[in-house]
Amino acid sequence: MELVIARPEGLYCPPGDFYIDPWRPVERAVITHAHGDHARTGNQRYLAAAPGEGILRSRLGQDINLQTLAYGERLDHHGVTLSFHPAGHVLGSAQVRLEYEGEVWVASGDYKVEADGTCTPFEPVPCHCFITESTFGLPIYRWQPQAQIFAGIDDWWRANAAAGRASVLFAYSFGKAQRILHGIDESIGPILVHGAVEPLNAVYREGGVRIPQTLYAGDIAKTDPLLRQALIIAPPSAAGSTWLRRFGEYSDAFASGWMLLRGTRRRRGVDRGFVLSDHADWPGLLWAIEQTGAERVMVTHGQVNVLVRHLRELGLDARGFKTEYGDEDEAEPAA
Amino acid sequence: MKAFADLYTRLDATTSSNAKLQAMQDYFATAAPDDAAWAVYFLAGGRPRQVVPTRVLRELTTRLAGLPEWLFEESYQAVGDLAETISLLLPEAEHSSEHGLAWWLQEQLLPLRGLPPEELAVRLPPLWAQLDRQSLMVSLKLLTGAFRVGVSKLLVTRALAAMAGIDAKRVAQRLVGYTDLSHRPSAERYLALIAAESDDEHAQRGGQPYPFFLAHPLQQPTDQFDTVLGPVEDWLVEWKWDGIRAQLVKRDGRLWIWSRGEELVTERFPELHELGNALPDGTVLDGELVVWKQQTDKAFGIQPFALLQQRIGRKTLSAKLLAEVPVVLLAYDLLEWRGADWRSKPQAERRTRLEVLVAELGDERLRLSPEVTGRDWSDLARQREASRELGVEGMMLKRRDSLYGVGRTKDLGLWWKWKVDPFSIDAVLIYAQRGHGRRASLYSDYTFAVWDDASPGERVLVPFAKAYSGLTDEEMRKVDAIIRKTTVEKFGPVRSVTPSLVFELGFEGIALSKRHKSGIAVRFPRMLRWRTDKTVEDADTLATLQGLL
């Protein structure tokens, strides 16, 4: 029995008659997490994990028809038992477990296996078929422990502050920015954030995640020497914008898993690249797949062909699912 | 090794010249002289021949990382750099080596050259196990002869000069030929680079050439020349030759020929060796090596660059080849005369002396690059239109009062290169391959085709050129996305696409070629612009291309 199939609207559960992270409007949408390529507007009803409610409403609208379940809480729908389990990707991110007539499938959305303190850590869920992402599905992608990355960011910020230079760190507004704020040493100097980041900080704080005090960049005079000591967190889209001019001569950096490669780092044209990703690296993907005990694996967005071939060589029944998450093939999505 | 890898990382991380200068000064301030000697060698563009075959490195990596070969290949395609791929795939090691760059090169890496694969498989892993990821990548780049980092020789010169407290021009002079393969970097040679200036330095230089003075491209329209350049009389005008820039050095009874890449190429041009007997000691000429065969119907005997290139590629030079493809030096400057450095004399004075010298010698292998005269700039512009027929690339404008500068500087003198517009043709993109370096994982290297209408009713696209430069990053990203969407087939790293994109290609030269399907080879092809206004059907034909021959 196929509990999930790929349809033009998105991943579809035939016995339950609902979609998981559909990319076209449908009646019933089960959402794994609130990143734009997974949670889209226009669906009639939404179902998501409870810790993600605040973010979902702030991004899709306060008045969406949204039902939530706590992690592990079960819901029966047309004979399908559905529950959410932590994916460790961003606040409220979940894997969707589906059980029907003794068959168990898990759709993981996006996930990361290293616990980071800003969301409930990834939990492997035993299943017959696991639907996995493959964003960093190449053996070159092996992350350093995040403590080392944060130490690197701290060192860079400290050195800049000592030289009287602002530190502009580009990071995706939702998830990456809060993870950085949570992980860095806030005693080094003031922390300023871009207007796109602060609303999400507020949701994280409401969700009980420790986010250090942040200032709006706009609230500080351009002449204030405080700016030269500051860490500024801004979305990548702010690069090259007039908004950045107020910081005078600054050092810039970009935090993303893609920064592992010299080529992408240089293409970004920033002073530093910090390799920090909200996705599983190659060993993480393989570990997660193994932990589920699944014999069938469906691979979505990223290095689909590579991961499918590798899993087949390991003796698993692996296939690719064509989705519209991230960017298909090996392009550089927002990660 | 760690200190050098750190320097590499700092240089690689910034595009600011000042930051790079600072990074180099910091390194040289603390590096041991023998390490610094090698660092200068690599930073100034020196590249030893490949030490370990790439194939051995790949096989060893897949074995150590426990990966199938296809997964290595996929990884390499995503990274776009072999050394980086290997450093990312090998198990990560702590940096435990206390040794510097010189020890690593001389004692460990260079002695690996020529060892059989089995021996390399035994010796490499324990070496790699002592290097952290960054040091590993750098040492792999040194092993494969692929080390490159974005610093100019001028910048290296400035860093050394600032550190040693001597004139940068003096350092530049000493650095000439430093990267030539015939002698190894050493602490002694490094210390000589940064030594205090002395009077007898000039006398002790052996076959050392001078740093080449380089021209800047002139891109203003001709009607602005009077404003930008002043009166035409102030300028010495010559044709811009399409050959190999070279210095001919005659000192101590010997002759040396240096290419613009500061490579010693004396042995490649035996026909010029007799000039060594004819020229007086203490003579240095600057000019262009070209293939020259005087024909009655042409003003100049210059032959296409392709012929020279073929000759350069040959390991042995047969008497037949020398007769068929004879090389001459078209001299255009005199840098040293009777042992005295003439670079600080004005262009006009150097030229006059050069003319006398060439005339007195009367050797057809040493020819004077003739002066082009014109009433005014527009007269010269008219004459310049004949460039392609004459087999030249345009004109060179040299201020008559110019001193001979160092590299691309403008403070001592001024040389302009006034090149003719490139050939251009509208071509269709038919294959794409992922790029390297900052283009890694983007489809940025393209093969272009034109229409062959030879058989009636059956138009086919025939490939004739590959190009990867000329697009902005943003255009490249867009083209990359279109390539992914229109892929027909993948052959390893190459994709064929449904033809939909037309580009205006520019190139400098065109010649018949048996090696290309189209029968044509073009020189320096690059994309001039993306013709979004043209459909594939509007692209040029092979007949148009042949018409440019």
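Not measured: the values here are computed from a predicted model. Residue numbers start from 1 in every chain, and the chains themselves are labelled A, B, ... in the order their sequence lines are given, proteins ahead of strands. Just so you know, these numbers use all the heavy atoms, side chains as well, and skip hydrogens, waters and symmetry mates.
Annotation for B/Q25: atom CD counts as buried by contact number, over 12 foreign heavy atoms lying within 6.0 Å. By the neighbour-count criterion of 12 heavy atoms within 6.0 Å, atom CD of B/Q50 is densely surrounded, having more than that number from other residues, nucleotides or ligands. Few gaps surround CD on A/E9; more than 12 heavy atoms of other groups in view lie less than 6.0 Å from it. Within 6.0 Å of atom OH in B/Y468, 12 or fewer heavy atoms from other residues, nucleotides or ligands are found, so the atom counts as exposed in its surroundings.
At least one side-chain heavy atom of B/L88 sits less than 4.5 Å from a side-chain heavy atom of A/L261. Proximity of A/N305 to B/K490: side-chain heavy atoms (C-beta onward) are separated by under 4.5 Å at one or more points. The closest side-chain heavy-atom distance from B/R133 to A/R142 is below 4.5 Å.
For B/L89, the parts lying near chain A are the backbone and the side chain together; criterion is any non-hydrogen pair under 4.5 Å. No part of B/I86 comes within reach of chain A, as not one of its non-hydrogen atoms sits under 4.5 angstrom from that chain. Neither the backbone nor the side chain of B/Q77 comes within contact range of chain A, judged by heavy atoms closer than 4.5 Å. For A/R309, the parts lying under 4.5 angstrom from a heavy atom of chain B are both the backbone and the side chain.
Interface summary for chain B: among A/D271, A/L138, A/V306, the most heavy-atom pairs under 4.5 angstrom belong to A/V306.
Judged by distance alone, with hydrogens and angles left aside, the side-chain atoms of B/E84 form a donor-acceptor pair with the main-chain N or O of A/R262 at under 3.5 Å.
Summarising the geometry of B/L71 relative to A/W282, their closest heavy-atom pair is CD2-CZ2, 3.7 Å, with the distance given to 0.1 Å.
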